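Below is one structure, written out as structure tokens, with a few remarks after it.
Predicted, not measured: the structure shown is a model, and the values here were computed from it. Note that ligands are numbered from 1 as they come in the structure, with each ligand's atoms numbered from 1 the same way.
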Amino acid sequence: INDYLCKYKGYVFAVGMTTAEHIDSLQSFEIRERDVFLVTYPKSGTIWAQNIIALIFELDDTDETIYENNLEKMPWLEYPEGHSDYVSRPSPRLFASHLTPALMPRGLKGKKAKIVYVARNPKDNVVSYFHFCHAWTSLETPKIGGSSWFDHIREWHTHRDEYSILFLTYEDMVMDLRSAVVKISQFLGRDLSEAMLTHIIEKATFKNMKKDPKANYEFLPEDLLQKGKFLRKGIIGDWKNSFTVAQNEMFDQVYQEKMKDIPFKFIWNI
Ligand code: PPS
């Protein structure tokens, strides 16, 4: 597409961060029973859910599983840059991914491993993505990677019965973080004490996460991305500050058309 993005198997990847061979090899990537995959469309609350899952497993940490930051602890499946240990990592292995089902390991269909899928209302999603694209130091013109939001949600929802998958929304997390953490931990088969639950919720608030060098992604080099851009506003309804009335009407029309048979209910404002 340009110097920074390339299309492979219908999906737009960042150049230099993965290879066609790696993406192909994921098809036969061996799945283990205790593997956990966090799957999202970009800008849906990935690093937030990633932090929650990393904290849920924090109790088990041994010297071998204490990592410098959440990207090391729960690396991106499709972007193995700097992680040659996907196979040798001890269980439970934690992975994040923005991929569509067709590009994910086939072995996941055995329902052995668990998938947490977080979706966000697409108006806030696109506004978040817009700001994020402008923060990429290397991109001259903002461009969107991955797939379309509609395809992502449709594909995962249509194939849901083939996987062991928990669907959550970003809005669920904003409205009631405690319930969202409980839901995730129960799904992952982890019993959390009241103290642990309180600890996780405290660490996962927007304010605290923004200051947390393990979780805020400010460890990424500045020649790649401006600092402080992963945790921008963290609210529901920011689209109202960006969409014109005409854009909103157009969006609603497209949304209704494309989502008429997908029963997702989003909260658009609070
Ligand atoms: S990425 O690049 O795909 O990993 O981005 P992703 O993490 O999916 O999305 C970033 C948006 O998630 C918001 N965020 C949070 N909101 C509330 N609370 C917490 N703790 C939190 N952590 C991340 C982040 O602010 C981005 O949304 P916007 O609307 O841009 O603020």
What protein heavy atom sits nearest [atom], and how far away is it?
atom: atom 28 (P) of ligand 1; answer: Ser128 OG, 3.4 Å
atom: atom 27 (O) of ligand 1; answer: Arg120 NH1, 3.1 Å
atom: atom 20 (N) of ligand 1; answer: Ala204 O, 3.0 Å
atom: atom 31 (O) of ligand 1; answer: Lys233 N, 2.6 Å

Any chance the side chains of [X] and [Y] put a donor and an acceptor closer than 3.5 Å?
X: Asp24; Y: Tyr8; value: yes
X: Asn248; Y: Lys240; value: no
X: Thr169; Y: Asp172; value: yes
X: Glu155; Y: Thr100; value: no

Polar proximity ligand 1 side, [X] side, N/O cut 3.5 Å exclusive:
X: Thr46; value: yes
X: Gly45; value: yes
X: Thr40; value: no
X: Ile47; value: yes

Parallel, tilted or perpendicular: ring planes of Phe251 versus Phe243, cut at 30 and 60 degrees: tilted
Within reach of ligand 1, part of [X] (heavy-atom separation under 4.0 Å):
X: Arg232; answer: both
X: Lys207; answer: neither
X: Phe230; answer: both
X: Ser44; answer: backbone

Heavy-atom contacts with [X] under 4.0 Å: which atoms of ligand 1 show up? List them by number with element.
X: Pro42; value: 3 (O)
X: His98; value: 3 (O)
X: Tyr170; value: 12 (O), 13 (C), 15 (C), 16 (N), 17 (C)
X: Met209; value: 20 (N), 22 (N)

Summary of side-chain hydrogen bond (donor to acceptor under 3.5 Å, both in side chains) pairs that have at least one residue in residues 108-119, sequence neighbours excluded: Lys109-Glu162, Tyr117-His152
Does ligand 1 have an atom that lies less than 4.0 angstrom from a heavy atom of [X]?
X: Lys43; result: yes
X: Thr205; result: yes
X: Leu231; result: yes

Ring centre gap for Tyr86 and Trp76 strictly below 6.0 Å: no
Proximity of His159 and Tyr163 rings by center, below 6.0 Å: no
Would you check if [X] and [Y] make a side-chain contact, meaning some heavy-atom pair closer than 4.5 Å?
X: Pro42; Y: Tyr129; result: yes
X: Lys210; Y: Asn216; result: no
X: Phe95; Y: Phe29; result: yes

same_hphob_cluster(Tyr170, Phe264) at 4.5 Å side-chain heavy-atom cutoff: yes
